[in-house]
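Report on the structure given below.
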Amino acid sequence: MKTNLLPLLALPVIWGSYYVASHEALAVMSVFSVGIVIRAITLVLLTGVMAARGELNRLLQIQHVWKWLCLIGLMGFLLDSTAFVGLQLSPAGIGTALLKCDILFVNLISVLVYKERFTPLDWALSLVMLFGVFLVLEIDFSHLDLFNVGNVFFILSALFVSINAFLIKEAQRHPVNPASDNVIAYYNNLITLLLFLMAAGFTRQIQELGGIAGNRGLTLALLLSGLGQTLIYIVYYYDLRRNPVWLVKVILLLMPLVSALLGLLLFGDSMSPVQLAGFVLVLLGALCVLLVHNRRQAK
């Protein structure tokens, strides 16, 4: 059976747009406060989606799988929090690039834990796309210190992202009580929201929530971010259920390209020849990955 390309290719577009919208919100508010509002909006939207589908009763049917749901929510908070600490200690460009190294963690987990076969071509295409992402983000390799404290937190965040993807996959195919995509998304979002509330209360960032109403630009950015987060849950989980984790992560390497294009169209940003070369590398790598994977599926 051939891979359904439309949801796969829609994912980096949705996630890249979410990144741009949340970046605008983070320019005004702190991370924990932004996280609370985005997760609250997402909670309302997910509740509406599940109510329209008559799925709210499934939220109580989590016997045997509730431990996985708690771990998924905890990982969701940890991956956001470690990325936040990294942003405080290191440049955002380096952080964005290091976060995309989750593809390497996913490949290693796929090979070592799930015994998936990776050919040299699979590894080569993944590395080519990752190198292209570094070019798009204009990372200076001569000044890249992997053992800088901030960079270590970015790498930890990439590890948590990778582990979370496999936890979601396990909850989806639980042998006794497999959870639906919306149930996993709901508990992931709810647990992360509660942890953000606790963190914002501890750091007193929660006081910033009172200033949202008077800022239209911030309100719009938060609403778009909440919509984007909801769509990420729906499309990301759909893709994870139907495709290997490594394939989904490879396609997500297109996300920085979407963010760069949106910056070009909406904010008048420019692209250097090096960035254009990286752009082409990532696109060609993604095309080759999809062609190779579809050929294997057909066989």
Side-chain angles (χ1 to χ4, degrees), residues 11-12 14-16 18-19 21-23 25-26 30-47 49-50 59 62 65-87 95-96 98-103 105-106 109 153-174 179-203 205-206 222 225-241 245 248-249 252 255:
L11 186 58
I14 295 170
W15 216 315
Y18 163 78
Y19 179 80
S22 59
H23 180 73
L26 286 167
S30 61
V31 169
F32 291 141
S33 299
V34 169
I36 289 172
V37 179
I38 291 175
R39 300 291 175 165
I41 294 171
T42 302
L43 186 68
V44 172
L45 293 176
L46 284 175
T47 302
V49 169
M50 295 188 72
L59 293 174
I62 57 173
V65 77
W66 65 270
K67 295 179 181 179
W68 294 104
L69 298 178
C70 290
L71 283 173
I72 291 168
L74 176 61
M75 284 294 164
F77 174 75
L78 287 176
L79 65 91
D80 280 346
S81 300
T82 47
F84 164 58
V85 174
L87 284 170
T96 304
L98 291 177
L99 288 174
K100 301 319 297 175
C101 290
D102 65 339
I103 181 61
F105 288 121
V106 165
I109 294 172
F153 277 99
F154 283 130
I155 294 171
L156 281 175
S157 182
L159 177 61
F160 292 141
V161 169
S162 306
I163 295 173
N164 209 30
F166 288 101
L167 292 175
I168 292 166
K169 196 87 168 176
E170 290 297 322
Q172 289 175 332
R173 61 185 186 186
H174 193 277
S180 69
D181 295 350
N182 285 338
V183 168
I184 299 172
Y186 199 93
Y187 279 101
N188 186 352
N189 186 74
L190 178 61
I191 293 170
T192 304
L193 171 61
L194 293 175
L195 292 172
F196 268 127
L197 281 167
M198 293 171 59
F202 180 76
T203 59
Q205 294 180 12
I206 200 168
L222 290 169
S225 298
L227 176 61
Q229 180 66 73
T230 305
L231 292 174
I232 287 170
Y233 277 135
I234 294 172
V235 180
Y236 182 47
Y237 289 9
Y238 176 94
D239 287 335
L240 283 177
R241 184 178 290 276
V245 177
V248 177
K249 290 298 182 180
L252 276 174
M255 191 181 74

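Note that these values count all heavy atoms, side chains included, but never hydrogens, waters or copies made by symmetry.
The distance from the OH atom of Y186 to the CG atom of L59 is 6.0 Å, given to the nearest 0.5 Å. One distance of note links CD of Q229 with CG of L46; it measures 8.5 Å at 0.5 Å rounding. Note that CG of L26 and CG of L222 are 9.0 Å apart. Values are rounded to the nearest 0.5 Å. Rounded to the nearest 0.5 Å, atoms CE (M75) and CZ (F166) are 13.0 Å apart. The CZ atom of R39 sits 11.0 Å away from atom CD1 of I191, with the distance rounded to the nearest 0.5 Å. The OG1 atom of T42 sits 11.5 Å away from atom CG of L190, with the distance rounded to the nearest 0.5 Å.
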Review point. Could you walk me through whether I38 and F196 pass the side chain to side chain contact (heavy atoms under 4.5 Å, CB included) check?
Key: CA-CA 11 Å; I38 291 175; F196 268 127; over 6 Å; no

**Study point:** Derivation of the side chain to side chain contact (heavy atoms under 4.5 Å, CB included) call for L11 and M255
**Key:** CA-CA 8 Å; L11 186 58; M255 191 181 74; over 6 Å; no

Check your understanding: Is there a side chain to side chain contact (heavy atoms under 4.5 Å, CB included) between I168 and Q172 once you walk through the steps?
Key -> CA-CA 6 Å; I168 292 166; Q172 289 175 332; 3.9 Å; yes

Practice item. Take V183 and M50 through the side chain to side chain contact (heavy atoms under 4.5 Å, CB included) test and state the conclusion after the steps. Key: CA-CA 9 Å; V183 168; M50 295 188 72; 4.0 Å; yes

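When all heavy atoms of I14 and G228 are compared, the pair lying nearest together is CG2-O, 3.8 Å. Of all the heavy atoms in A83 and S157, the pair that sits closest is CB-OG, 3.6 Å. Nearest heavy-atom pair across A171 and I184 is CB-CD1, 3.7 Å. The shortest non-hydrogen separation linking S30 to Q205 is OG-OE1, 2.7 Å. Smallest separation of non-hydrogen atoms from A200 and I36: CB-CD1, 3.4 Å.
Residues satisfying the side chain to side chain donor-acceptor pair (under 3.5 Å) criterion with T192, sequence neighbours excluded, are N188. Y233 is linked by a ring-ring contact (aromatic ring centres under 6.0 Å, His included) to Y237, counting only residues two or more places apart in sequence or in another chain. Scanning for side chain to side chain contact (heavy atoms under 4.5 Å, CB included) contacts around L159 gives F105, I163, with sequence neighbours left out. Partners of D102 under the side chain to side chain donor-acceptor pair (under 3.5 Å) rule, at least two apart in sequence or in another chain, are K249. Scored by the side chain to side chain contact (heavy atoms under 4.5 Å, CB included) test, V44 finds no partners at all (sequence neighbours excluded). Evaluation of the salt bridge (charged side-chain N to carboxylate O under 4.0 Å, His left out) rule for D239 yields no partner, not counting sequence neighbours. Y238 meets the ring-ring contact (aromatic ring centres under 6.0 Å, His included) test with no other residue; sequence neighbours excluded. Remark: A21 pairs with L224, S225 by the side chain to side chain contact (heavy atoms under 4.5 Å, CB included) rule, at least two apart or across chains. Under the side chain to side chain contact (heavy atoms under 4.5 Å, CB included) criterion, L45 pairs with I41, L227, T230, not counting sequence neighbours. Residues satisfying the side chain to side chain donor-acceptor pair (under 3.5 Å) test with T203, not counting sequence neighbours, are none.
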Taking only distance into account, with no hydrogens and no angle test, what donor-acceptor pairs under 3.5 Å do side-chain atoms of residues 66-74 form with protein atoms, sequence neighbours excluded?
none

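The aromatic rings of F77 and F32 lie parallel to each other, their planes meeting at an angle below 30°, with 60° marking the opposite boundary.
The salt bridge (charged side-chain N to carboxylate O under 4.0 Å, His left out) pairs that include a residue from residues 180-191 are D181-R241, where partners are two or more places apart or lie in different chains.
Within 6.0 Å of OH in Y236 there are more than 12 heavy atoms belonging to other residues, nucleotides or ligands.
Side-chain contact check for N164 versus L167: some heavy-atom pair is nearer than 4.5 Å.
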